[in-house]
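Step one of this worksheet: look at the structure below.
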Amino acid sequence: MSGRYEAQNIEAKWQQRWAESDMDSALNDDSREPYYCLVMFPYPSGNLHMGHVRNYCLGDAVARYKRMKGYNVLHPIGWDAFGLPAENAAIKHNRPPAEWTYANIDQMRVQLKRLGLSYDWSREIATCHPDYYRWEQWMFTRLMQKGLAYQQDAEVNWCDPCHTVLANEQVVDGVCWRCDTPVIRKNLKQWFIRITDYAEELLADLDSLSGWPEKVVGMQRNWIGKSTGAEVSFGIEGSGDTLDIFTTRPDTLMGVTYMAVAAGHPLAKQAAESNPELALFLDECSKISTKEADVETMEKKGMATGFHAIHPISGESVPVWVANFVLMGYGTGAVMSVPAHDVRDYDFARKYGLSIRQVIAPVDGDWDIETAAFTEAGVLINSGQFDGMASADAKTAIIEWLAENGKGAERVQYRLRDWLVSRQRYWGAPIPVIHCADCGAVPVPDDQLPVVLPTDLQPTGGASPLTECESFKHADCPQCGKAAVRELDTFDTFMESSWYMNRYTSPRNGEAMVDAAAMQRWAPVDQYIGGVEHAVLHLLYARFYHKLMRDAGLFTSGQGGDEPFKNLLTQGMVLKDGTKMSKSKGNTVDPKAIIERFGADTARLFTLFAAPPEKELEWHDAGVEGGHRFLKRVWRLLERVDAAADGDEDAAAVKLMRRTIHTTIERVTHAFEHGFAFNVAIAAQMELANALQDFKPAGPGGKAAYREGVEVLAIMLAPFVPHFACEMGEMLGMKQVAVLADWPVADQAALEQDEITLVVQVQGKKRGEITIAKDAGQDEALAAAQADFAIHKWLDGMQIVKVILVPGRLLNIVVKPA
RNA sequence: GCGAGGAUGGCGGAAUUGGUAGACGCGCUGGUUUUAGGUACCAGUACCAUCGGUGUGGGGGUUCGAGUCCCCCUCCUCGUACCA
């Protein structure tokens, strides 16, 4: 009945049929429960790599399973099409990035289709298309009106090779996330979005993300970095100015013996004007801060400014120092130093001979402040009116005192900075702003959107070609009508990827960014799948953007939710020889080669079988062959379906076979419902295949059981190897196409067994097995064990102290010498 | 330093969450088929030994019973880093 397994022919045939029947489109059909399965859309580099394959095979398995379970599934795909690589390629090939990008999209679409992924292609989007980015521009002008988007002169991260600024999140260990070049601090006027206004909500809502890996939640919590404490205002001697600091330990306020400011702090700069030595030191600090990779080994250095601060409570005068460990980018760029209770301040004080005053004592026991700083909470000493208070109470009391005297207040500090969204690059969405000499930065009105990026420009490296594009540059001021110039920076590409999941719900909507009714049906994403490398970047921005869209009135939280992704699966990397596959290492495996040699189904099967989804996957050519071998083995099972029976029906064997079939259904279903352990689900199906192979389908019952097993296998393999499953289903003459078949439900009757095998332990050690009626009691089981020859010898001459029966599992007999 | 996760055969990994450790696959060994290689198939494969014993990084503990729970230690991976 079967012939040879010819993957190429089978896959071509089914891909064509699926395309013709349009079976993968999400329907506007509310009779079925909607399910939104999303994979992180790719950057169209032109070539699919194994990481994509893994990501998309996982997503496809989920989407196909949910369809078979009767859900109305939305499983879209598109292209994160703006970005730097397109510009670099354009420079190299001397062709505009648009051309390169669209050609790559065409190429990658073919590759995705070749894998047999069940996307709703009618919803395909490309972020570089004006129909897409116009809404991002529209949103930005709303944010400007609300004051949530603003332009500011600030010290920002600049990457020279990329010729653009970077967001904080794009600087990893002091180097550019893309090209690994150390970033430079530069003062530039840039566009920001006030993500810090949403810090509290972004933090609080993390608690609702029970379907996210704790690791990712933790990373985001860490990144937002909330800390509570006080803002304290110190006076500056001989000046009306104040030196403001943030501290989490207001209880140690009476222990302040000096102040420390960052090299970039105005006070430091002011002091340097009349102090060349200090100026030199500040210069040194500014160089080190970005280049020094291992901060751990960096020596604490400082220099006195000559300024003195006035303690807000005691009125005492304390010196102000510049210290290289104080960061300008956090808090106010200045700290109060309490060497007795902070290790950094302690080290610094020791090095420069500054005084140390203990103001907190341990609740019980002593502490030798000469030896080390005491950083725990305790009881206040040497603190005047606050003496005797516990740290927690003292915090409140001191904050109250400061507030009453206008010297400070309670304050919450976040590590999160506002999102820098402007980029000095060409291949991105234009920032919809017109700069007018009289009116300032004016948002482009809705009726002039989109601001279309000219697609025929040729970047040459260096500055963006937009800066020389006269036709783009000039525009009339929307407010006063005078000649003005357009903003020439473009958006960070994370802007596009921050809302694409919502756009998929109404991708061709020409009236609005999203359609509230469509959001109601589909959002939030039920299952999002992608790499963990986006834990703080994309996933934080997307959460933020979702809330911005909600607050812009595009949907209510009842319609689209407060969070964009209900469940998140972060897949592991694909490795070869223990390291990440990359072109520079020359250890890549081309998916195309695997597909050509073994077929898409084998590639899919291997990537899902070789490791649990969230773990790294070590590529192994022999393993791929093993996957292919399995498919061939299943294929051969077809030969014996409905074959002439030889011999009589073996009722016990048939019962066992059916039991195996139905426990497999339970096991595979469990994998889909709990954690997507597809490696285990596939292993279970391999076991079923092995059992079928060993089974002798004699008699009508035997034949029926064998056919049932092969059909169940065809159906349950469909989410993993859909072409193979469809072909099998067709050869079996199944009524439904395998990928559209109803997901099987285990027959409880088939799971029942009259007799069970019980493991018998003596003293907790396995000594044998007995076969016994399924409802046998403890006495019966014990009697059977005692009658068993192999077990009996362990009981001989022993007195039974205790017997434990775990129904259906084991019998443990505890004995002692008689 | 801090935070999280992990350590199971030669390898990737299972183990219904306290109940037969090593499912499934790879690799390996032997055999069958084959002119040969590959493919395919059959048998074996944690370790040591003859009964039997030992085994889930190391050490202790709880329990009739521990890979799983508790305490201590070692190592590895990931994240993060002078955050005041």
Side-chain angles (χ1 to χ4, degrees), chain A residues 172-174 213-219 221-223 225-227 229 232 245-249 252 260 262 289 292 294-296 298-300 323-327 329-338 341-345 347-348 413-416 532-533 535-536 572-573 605-606 609-612 614-630 632-633 636 663 666-667 670 674 677 679-690 693 757-769 793 801-815:
Chain A
V172 181
D173 290 332
E214 275 181 42
K215 178 179 155 170
V216 176
V217 172
M219 282 166 76
R221 184 170 287 128
N222 209 344
W223 188 263
K226 179 181 182 175
S227 49
V232 187
I245 59 96
F246 171 73
T247 179
T248 55
R249 293 293 304 271
T252 65
S289 62
E292 191 70 54
D294 50 340
V295 193
E296 208 179 338
M298 206 166 103
E299 206 188 334
K300 292 198 180 9
N324 65 347
F325 65 88
V326 180
L327 307 173
Y330 185 76
T332 59
V335 298
M336 64 179 208
S337 291
V338 187
H341 305 290
D342 181 285
V343 285
R344 289 159 309 174
D345 297 346
D347 293 348
F348 194 82
Q413 176 73 35
Y414 298 92
R415 183 179 172 276
L416 183 70
V532 73
E533 64 272 20
V536 268
M573 282 187 300
L605 185 74
F606 174 73
F609 176 65
E614 65 282 354
K615 278 195 76 167
E616 326 266 70
L617 186 156
E618 174 70 34
W619 190 266
H620 209 48
D621 289 334
V624 181
E625 284 176 40
H628 192 62
R629 202 146 50 219
F630 166 67
K632 285 197 284 188
R633 211 149 26 117
R636 243 177 285 121
T663 50
E666 287 202 314
R667 291 168 69 189
H670 185 268
H674 305 277
N679 56 327
V680 184
I682 292 168
Q685 297 191 71
M686 286 175 168
E687 284 184 64
L688 175 57
N690 292 344
Q693 205 175 319
T757 302
L758 211 56
V759 168
V760 180
Q761 294 183 336
V762 178
Q763 309 293 63
K765 282 193 164 71
K766 183 184 171 185
R767 294 304 182 191
E769 286 177 359
K793 71 178 173 192
V801 180
K802 193 174 178 183
V803 178
I804 295 118
L805 176 72
V806 182
R809 296 218 160 268
L810 64 74
L811 181 76
N812 188 13
I813 305 166
V814 186
V815 296

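These values consider heavy atoms only, across backbone and side chains, with no hydrogens, waters or symmetry-generated copies. So you know, we letter chains A, B, ... as the sequences are listed, proteins then strands, and number each from 1.
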Among [options], find the nucleotide with the atom closest to the side chain of [X].
{"X": "A:N812", "options": "B:A84, B:G65, B:G12", "answer": "B:G65"}
{"X": "A:M686", "options": "B:A15, B:A84, B:C24", "answer": "B:C24"}
{"X": "A:L810", "options": "B:U20, B:C82, B:A23", "answer": "B:U20"}

Heavy atoms under 4.0 Å, any strand shown: does [X] hit a base, just sugar-phosphate, or nothing?
{"X": "A:E533", "result": "nothing"}
{"X": "A:N679", "result": "sugar-phosphate"}
{"X": "A:R629", "result": "sugar-phosphate"}
{"X": "A:E625", "result": "nothing"}
{"X": "A:V338", "result": "nothing"}
{"X": "A:E666", "result": "nothing"}
{"X": "A:K215", "result": "sugar-phosphate"}
{"X": "A:R633", "result": "sugar-phosphate"}
{"X": "A:V759", "result": "base"}
{"X": "A:K793", "result": "sugar-phosphate"}
{"X": "A:G225", "result": "nothing"}
{"X": "A:N690", "result": "sugar-phosphate"}

[M] and [N], which share atom name [atom1], separated by this distance in whole Å:
{"N": "B:U8", "M": "B:A66", "atom1": "C1'", "result": "14 Å"}
{"N": "B:U34", "M": "B:G13", "atom1": "C1'", "result": "35 Å"}
{"N": "B:G60", "M": "B:A43", "atom1": "C1'", "result": "44 Å"}
{"N": "B:A14", "M": "B:A4", "atom1": "P", "result": "23 Å"}
{"N": "B:U39", "M": "B:U32", "atom1": "C1'", "result": "14 Å"}
{"N": "B:G19", "M": "B:U63", "atom1": "C1'", "result": "12 Å"}
{"N": "B:A21", "M": "B:U68", "atom1": "C1'", "result": "11 Å"}

Should B:G31 be called syn or anti, with syn set as within 90° of 0?
anti

What is the pairing partner of B:G37, taking Watson-Crick or G-U wobble pairs with both distances under 3.5 Å in any strand?
none

Any-strand Watson-Crick or G-U partner of B:G5, both distances under 3.5 Å:
B:C76

For A:E769 and for A:E616, locate the closest nucleotide of RNA chain B by heavy-atom distance; then report the residue assigned to the nucleotide nearer the 5' terminus.
A:E616

Mapping A:K802 and A:A622 to their closest nucleotides on RNA chain B, which lands nearer the 5' end?
A:A622

What's the spacing between [X] [atom1] and [Y] [atom2] if we round to 0.5 Å?
{"X": "A:N812", "Y": "A:K766", "atom1": "CG", "atom2": "NZ", "value": "13.5 Å"}
{"X": "A:Y330", "Y": "A:Y414", "atom1": "OH", "atom2": "OH", "value": "10.5 Å"}
{"X": "A:R415", "Y": "A:L327", "atom1": "CZ", "atom2": "CG", "value": "10.0 Å"}

Distance alone, cut at 3.5 Å: any donor-acceptor contact between the side chains of A:N690 and A:R633?
yes

Ring pair (Phe, Tyr, Trp, His ring centres under 6.0 Å), that's the test. Do A:F325 and A:F348 meet it? Break it down for me.
CA-CA 10 Å; A:F325 65 88; A:F348 194 82; 5.5 Å; yes

Before you tell me yes or no, could you show the steps for A:I813 and A:Q763 under side-chain contact (heavy atoms from CB on, under 4.5 Å), namely the whole-Å CA-CA distance, both residues' side-chain angles and the distance that decides it to 0.1 Å?
CA-CA 6 Å; A:I813 305 166; A:Q763 309 293 63; over 6 Å; no

Does A:R415 put a side-chain nitrogen or oxygen below 4.0 Å from OP1 or OP2 of B:A81?
yes

